[in-house]
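What follows is one structure encoded as structure tokens, with my remarks underneath.
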Amino acid sequence: MSAVPEVWVTMAKIFATMFATLGALAATLTPARAGKRVSLRGGTGAGWLCDPSSNPSKYHAEVFILKVSACWIASVGVVIALGTYEWWGRWGYMAYCVTCASPYVLVPLFAPLEGDVVRGKGTKRGPVVATAKPLGERYIFKANLWIAVFSFIGNYWYTHYFYGVLNAKYTFDAHRLNDVPIALYFMTHAYFMFYHVLSNCALRKTQRSFARGPRRFAFECALIAVMAYTTAFMESLTICGFPYYSFEDRDMAYTLGSAFYGIYFLVSFPMFLAVDESPETKKTYAATFWEAMGSGMAVLCLLDFVRLRLGLDFVMKVK
């Protein structure tokens, strides 16, 4: 029997430590009283999604995002299994990635989601009249805007940290912006929409199920850290089936690379949750844009602090 690779032993230790810590913190939490299971930002019940009665725009948007995500994730599995990317070329990559990302934007634009339709009262003279909310008031528009800004910054800037720290590189033929395949700007949008709705659900469930206080805050911080590292690792693991994204040291990519990538989500998961989490705290699309920009800058600073700690130079090369 062949020995277990050292990296898997290391990863098992990392995840065992993280989940043991999370479990220990969970044991200290005080359940919210049955009648008090209310989110900090509104929404009733102890569920994972927004309350459809008090926040229909966000509720229906999150359900829509999960459905679209299931479709493109299934398609990625088929593409990897069949290896169809081998004959795509740069236009094929672009077409596929745009196809994965575009439903999040185009479907609700041309067919407003149920939570974004306002129905007037019917009268004796006519039927009920339904009108769509203005675009800037719809949660799905703000969610797409937030993720578009954050994923653009991530590709344009953060990718070069992976180039420098992990000696990573994309080797497939592609249109490029700042030496990053443009197709990946779109694919990142699809990935991040999915990740951030899942994180919304987990954080919302925690806030509704347990009494507010220092112990819950500590648990939420740990939960965000565990979700960030797990998300980053799972993406690194699944992308290993794609031969045109390479690392100088794949074992380091799993361990250090996952921690490095997870920094994105330490900032983005709690910030994205705050977007229109309750009717009382709804944001304008302009505020949403600037919060995404600020989150992007916070991540950039954290990545650079890590780079300085590792004693590495940062060079943004353009081919």
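Positions are given from 1, in the same order as the sequence printed here.
With sequence neighbours left out, the ring pair (Phe, Tyr, Trp, His ring centres under 6.0 Å) criterion links Phe269 to His196, Phe265. Partners of Phe289 according to the ring pair (Phe, Tyr, Trp, His ring centres under 6.0 Å) rule, which considers only residues two or more places apart in sequence or in another chain, do not exist here. The salt bridge (charged side-chain N to carboxylate O under 4.0 Å, His left out) check on Asp251 picks up nothing, with sequence neighbours excluded. For Trp91, the ring pair (Phe, Tyr, Trp, His ring centres under 6.0 Å) partners are His175, not counting sequence neighbours. Partners of Asp304 under the salt bridge (charged side-chain N to carboxylate O under 4.0 Å, His left out) rule, at least two apart in sequence or in another chain, are Arg307.
Taking the six-membered ring for Trp, His160 and Tyr163 have ring centres closer than 6.0 Å. Residues Tyr170 and Tyr244 place their aromatic rings such that the two centres sit no closer than 6.0 Å. Here Tyr245 and Phe247 bring their ring centres to under 6.0 angstrom of each other. Between Tyr85 and Phe242, the distance separating the two ring centers is shorter than 6.0 angstrom. Side-chain rings of Phe15 and Tyr229 approach one another, their centers coming within less than 6.0 Å. Ring centers of Phe172 and Trp88: at least 6.0 Å apart, outside the cut-off. Taking the six-membered ring for Trp, Tyr264 and Tyr261 have ring centres closer than 6.0 Å.
By the 4.5 Å heavy-atom criterion applied to side chains, Asp116 and Leu113 are counted as neighbours. Put simply, the side chain of Leu203 reaches to within 4.5 Å of the side chain of Met227, judged on heavy atoms. Side-chain contact between Asp51 and Tyr59 is absent, with no heavy-atom pair separated by less than 4.5 Å. Side chains of Asn200 and Lys58 form a contact here, defined as non-hydrogen atoms less than 4.5 Å apart. Two residues are said to be in side-chain contact when any heavy atoms from C-beta on lie closer than 4.5 Å; Arg176 and Asp179 meet this criterion. When side chains are defined from C-beta on, Phe192 does not count as touching Ser268, because their heavy atoms never get closer than 4.5 Å. Within the 4.5 Å cutoff, the side chain of Trp72 has no heavy atoms near those of the Thr99 side chain. A 4.5 Å side-chain heavy-atom check between Met297 and Leu302 finds every atom pair outside the cut-off.
Transitive grouping of hydrophobic side chains (ILVMFWY, heavy atoms separated by less than 4.5 Å) keeps Phe217 and Leu223 in distinct clusters. Residues Met252 and Val306 share a hydrophobic cluster, clusters being chains of Ile/Leu/Val/Met/Phe/Trp/Tyr side chains in contact below 4.5 Å. Connection of Leu145 to Leu106 is established within a shared hydrophobic cluster, with ILVMFWY side chains joined at heavy-atom distances below 4.5 Å, either directly or through further cluster members. Both Tyr104 and Phe110 belong to a common hydrophobic cluster when Ile, Leu, Val, Met, Phe, Trp and Tyr are linked at side-chain heavy-atom distances under 4.5 angstrom. Hydrophobic cluster membership differs between Val117 and Val107, with clusters built from Ile, Leu, Val, Met, Phe, Trp and Tyr side chains linked at under 4.5 angstrom.
Interatomic distance, Thr188 OG1 to Tyr158 OH, rounded to the nearest 0.5 Å: 12.0 Å. Interatomic distance, CG of Leu310 versus CZ of Phe305, reported as 13.5 Å (0.5 Å rounding). The CZ atom of Arg208 lies 11.0 Å from the CH2 atom of Trp48; values are rounded to the nearest 0.5 Å. Atom-to-atom distance recorded for Leu266:CG and Met271:CE is 13.5 Å, nearest 0.5 angstrom. Put simply, CD1 on Ile65 and CE on Met193 are 3.5 Å apart, with the number rounded to the nearest 0.5 Å. Atom-to-atom distance recorded for Ile239:CD1 and Ile80:CD1 is 8.0 Å, nearest 0.5 angstrom.
Here the side chain of Tyr195 pairs no donor or acceptor atom with the backbone of Ala190 at under 3.5 angstrom. Between the side chain of Arg138 and the backbone N or O of Lys133 there is at least one donor-acceptor pair closer than 3.5 Å. Looking only at distances, a side-chain donor or acceptor of Ser151 sits under 3.5 Å from a matching main-chain atom of Ala148.
Nearest heavy-atom pair, Thr171 versus Ser246, reported as atom, atom and distance to 0.1 Å: CG2-OG, 4.4 Å. Of all heavy-atom pairs spanning Phe260 and Leu303, the tightest one is O-CD2, 3.6 Å. For Glu277 against Cys50, the heavy-atom pair with the smallest separation is OE1-SG, 4.0 Å. The shortest heavy-atom contact between Cys100 and Ser75 is SG-OG, 4.3 Å. Considering all non-hydrogen atoms of both residues, Gly136 and Phe141 come closest at CA-CD2, 4.0 Å. Scanning both residues, Tyr139 and Ala61, for their nearest heavy atoms gives CD2-CB, 3.4 Å.
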Check: What do the steps show when you test Glu62 against Arg204 for salt bridge (charged side-chain N to carboxylate O under 4.0 Å, His left out), and what is the final call?
Finding: CA-CA 13 Å; Glu62 290 185 337; Arg204 185 181 296 123; 3.0 Å; yes

Note to self: I'd like to know whether Arg250 forms a side chain to side chain contact (heavy atoms under 4.5 Å, CB included) with Val7, so could you lay out the CA-CA distance, the side-chain angles of the two residues, the decisive distance to 0.1 Å, and finally the verdict.
What the structure shows: CA-CA 9 Å; Arg250 187 165 291 276; Val7 66; over 6 Å; no

Item checked: Leu109 vs Leu135, side chain to side chain contact (heavy atoms under 4.5 Å, CB included): CA-CA, chis, key distance, verdict -> CA-CA 8 Å; Leu109 181 62; Leu135 190 63; 3.9 Å; yes

Margin query: Val149 vs Trp290, test: side chain to side chain contact (heavy atoms under 4.5 Å, CB included). Steps then yes/no.
Written below: CA-CA 9 Å; Val149 170; Trp290 289 114; over 6 Å; no

Item checked: Check against side chain to side chain contact (heavy atoms under 4.5 Å, CB included), Phe210 and Thr30 -> CA-CA 6 Å; Phe210 302 103; Thr30 302; over 6 Å; no

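Using a 4.0 Å cut-off between charged side-chain N and carboxylate O, Arg215 and Glu220 make no salt bridge. For Lys142 and Asp276, the salt-bridge test passes: some basic side-chain N is under 4.0 Å from an acidic carboxylate O.
For Glu235, the CD atom sits in a packed shell: over 12 heavy atoms of surrounding residues, nucleotides or ligands are nearer than 6.0 Å.
Under the ring pair (Phe, Tyr, Trp, His ring centres under 6.0 Å) test applied with Phe152, the options Tyr185, Trp146, Phe186 reduce to a single match, Tyr185.
Cluster partners of Leu82, using a side-chain heavy-atom cutoff of under 4.5 Å among ILVMFWY residues and allowing indirect links, are Val78.
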